[in-house]
Amino acid sequence: MNTQELFGQLIPIPPKITQYLQRLSRDIEPSQFSEIAEKAIAVWVVHRYLKRFDYQSDFRTSSAWNVAAQVLTDLADLEIFEDSRSLGIVECIPLAADAESLEIPEGSIIGDRIAYIAVEINPPQTWGKIVGFTPALETEYPEPSIDRQDLLECDRLLDLLELAEPLADPSRFSELESYWLGYGEWSAEARQAVVAQLEKALLLETKERLQVESAAQELEALIAQSVADSERELAMREDPENESRQQLRSILRRLFESLRAAED
């Protein structure tokens with residue numbers, strides 16, 4: 001069986017999943033339960049699907065499985081691991097069979113998400129399937145509505161996770177971290193947001209020059225969001241010959257070259 005056929009398979013949802021959710025939601029209004037359960041099941045479907053390819057995750061730690069908190073949040077996050085290394089966080093969003101677009105809830109648009117995955121669940125909630133996904137959104141102008149036809153095919157989700165594997169090594173970011181510290185704090189959240197944008201550039205662009213430029217523009221936007229000196233950052237970004245901008249692109253070029261060397 002080839003990968004494409006495997007990706008097209010439905011994920012059976014055992015009755016114990018919905019029964020467990022019903023027990024957790026005894027204090028939730030029935031009118032709210034349907035939407036809450038659907039998000040939780042979408043997370044479980046992605047968890048189960050990626051398990052086929054030996055990726056690990058714990059769906060119980062997802063915000064979607066904290067039923068009480070779901071009354072206040074739209075999150076349906078799932079952190080993906082390989083051999084105990086975090087590859088990033090995906091957002092799992094239910095998509096109706098007749099929906100023409102994937103609508104990403106505003107509260108779910110977070111910089112550290114490496115992908116937003118569309119999950120179709122049949123009305124009886126006996127099976128689910130991965131419809132497609134979109135990688136990290138643009139930092140400055142995220143588009144919360146993605147046409148169904150523009151979603152990337154499911155097999156490219158494995159490509160994205162393969163790109164994430166070498167980026168899970170923090171030592172690869174020593175040079176970029178030093179650069180970043182010249183503007184603001186290099187936190188775990190900042191690193192994950194950077195990783196998400198690097199993965200997107202590598203996934204969507206085939207030429208090195210475009211990969212570097214795409215990643216650089218998104219990282220400049222991330223820096224702009226994190227620094228207080230907006231005038232300084234604006235001047236840097238408006239001047240294409242700015243030394244700091246060229247330095248960032250040189251760092252990214254070396255980073256991407258190290259990733260390619262690791263594949264050989």
Next item on the list: Might you work through the side chain to side chain contact (heavy atoms under 4.5 Å, CB included) test for Leu157 and Leu50, ending with a clear yes or no?
Entry: CA-CA 10 Å; Leu157 184 58; Leu50 291 176; 4.2 Å; yes
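- Not counting sequence neighbours, the partners of Pro124 by the side chain to side chain contact (heavy atoms under 4.5 Å, CB included) test are Asn122, Thr126.
- At least one side-chain heavy atom of Leu198 sits under 4.5 Å from a side-chain heavy atom of Phe173.
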Notebook entry, point to check: How far apart are the C-alpha atoms of Arg249 and Glu220, what are their side-chain angles, what is the distance that settles it, and do they pass the salt bridge (Lys or Arg N to Asp or Glu O under 4.0 Å) test?
Noted result: CA-CA 10 Å; Arg249 283 154 178 77; Glu220 287 172 347; 2.8 Å; yes
Next item on the list: I would like to know whether Leu75 and Ile110 meet side chain to side chain contact (heavy atoms under 4.5 Å, CB included); could you show each step before the answer?
Entry: CA-CA 10 Å; Leu75 297 180; Ile110 301 176; 3.7 Å; yes
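- Counting only heavy atoms from C-beta outward, the side chains of Leu219 and Leu176 approach each other to under 4.5 Å.
- Residue Leu78 holds its CG atom at 7.0 Å from OG1 of Thr61, rounded to the nearest 0.5 Å.
- With rounding to the nearest 0.5 Å, the separation of CD in Glu138 from OG in Ser214 is 8.5 Å.
- Environment of CD in Glu100: sparse, with no more than 12 heavy atoms of neighbouring residues, nucleotides or ligands closer than 6.0 Å.
- Looking only at side-chain heavy atoms (C-beta outward), Pro94 and Lys39 come within less than 4.5 Å of each other.
- If you check the side chains of Gln247 and Glu243, you find no donor sitting under 3.5 Å from an acceptor.
- Side-chain contact check for Thr134 versus Asp150: every heavy-atom pair is 4.5 Å or farther apart.
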Note to self: Set out, in order, the CA-CA distance, both residues' side-chain angles and the distance that settles side chain to side chain contact (heavy atoms under 4.5 Å, CB included) for Phe81 and Glu79, then state yes or no.
What the structure shows: CA-CA 7 Å; Phe81 293 87; Glu79 188 167 11; 3.5 Å; yes
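- Summarising the geometry of Ala76 relative to Ser62, their closest heavy-atom pair is C-OG, 3.9 Å, with the distance given to 0.1 Å.
- Grouped by direct or indirect side-chain proximity (heavy atoms under 4.5 Å, Ile/Leu/Val/Met/Phe/Trp/Tyr only), Ile146 sits with Ile93, Leu95, Leu102, Ile104, Ile109, Tyr116, Val131, Leu137, Leu151.
- By the side chain to side chain contact (heavy atoms under 4.5 Å, CB included) test, Thr139 is found to be paired with Gln197, Glu218, Ala221, Leu222, Gln225, residues two or more places apart in sequence or in another chain being considered.
- In this structure, Val43 is a member of the same hydrophobic cluster as Ile13, with clusters built from ILVMFWY side-chain heavy atoms closer than 4.5 Å.
- Not a single donor-acceptor pair under 3.5 Å links the side chain of Glu205 to the backbone N or O of Leu203.
- Identified under the salt bridge (Lys or Arg N to Asp or Glu O under 4.0 Å) test for residues 182-195, with sequence neighbours left out: none.
- Put simply, the side chain of Ile114 reaches to within 4.5 Å of the side chain of Leu161, judged on heavy atoms.
- Partners of Arg113 under the salt bridge (charged side-chain N to carboxylate O under 4.0 Å, His left out) rule, at least two apart in sequence or in another chain, are Glu91.
- Between Cys154 and Gly132 the shortest heavy-atom distance is SG-N, 3.8 Å.
- Side-chain atoms of Tyr179 come within 3.5 Å of backbone atoms of Ser244 as a donor-acceptor pair (strictly under, hydrogens ignored).
- Within a 6.0 Å radius of CD in Glu257, other residues, nucleotides and ligands contribute more than 12 heavy atoms.
- Counting only heavy atoms from C-beta outward, the side chains of Leu167 and Val194 never approach each other to under 4.5 Å.
- Inter-residue side-chain proximity for Pro135 and Leu152 is flagged as met; some heavy-atom pair is nearer than 4.5 Å.
- Using modelled atom types, no side-chain atom of Asp74 and backbone atom of Glu106 make a donor-acceptor pair closer than 3.5 Å.
- A pairwise comparison of heavy atoms in Pro14 and Trp44 identifies CD-CH2, 3.4 Å as the closest pair.
- Partners of Glu82 according to the side chain to side chain contact (heavy atoms under 4.5 Å, CB included) rule, which considers only residues two or more places apart in sequence or in another chain, are Tyr55, Arg85, Leu87, Glu165.
- Partners of Ser250 by side chain to side chain contact (heavy atoms under 4.5 Å, CB included), not counting sequence neighbours, listed by chain and number: Arg253, Arg254.
- In terms of the salt bridge (charged side-chain N to carboxylate O under 4.0 Å, His left out) criterion, Asp147 has no residue partners (sequence neighbours excluded).
- Legend: residues meeting salt bridge (charged side-chain N to carboxylate O under 4.0 Å, His left out) with Arg148, ordered by chain and number and at least two apart, are Glu120.
- For Pro170 against Ala168, the heavy-atom pair with the smallest separation is CD-O, 3.1 Å.
- Under the ring pair (Phe, Tyr, Trp, His ring centres under 6.0 Å) criterion, the residue pairs touching residues 184-206 are Trp180-Trp186, with sequence neighbours excluded.
- The OG1 atom of Thr73 lies 9.5 Å from the CG atom of Asn66; values are rounded to the nearest 0.5 Å.
- Partners of Tyr20 under the ring-ring contact (aromatic ring centres under 6.0 Å, His included) rule, at least two apart in sequence or in another chain, are Trp65.
- Counting only residues at least two apart or on different chains, the salt bridge (Lys or Arg N to Asp or Glu O under 4.0 Å) pairs with a member in residues 60-69 are Asp58-Arg60.
- For Phe133 against Leu160, the heavy-atom pair with the smallest separation is CE1-CD2, 4.1 Å.
- Here the shortest heavy-atom pairing between Leu259 and Pro166 reads CD2-CB, 3.7 Å.
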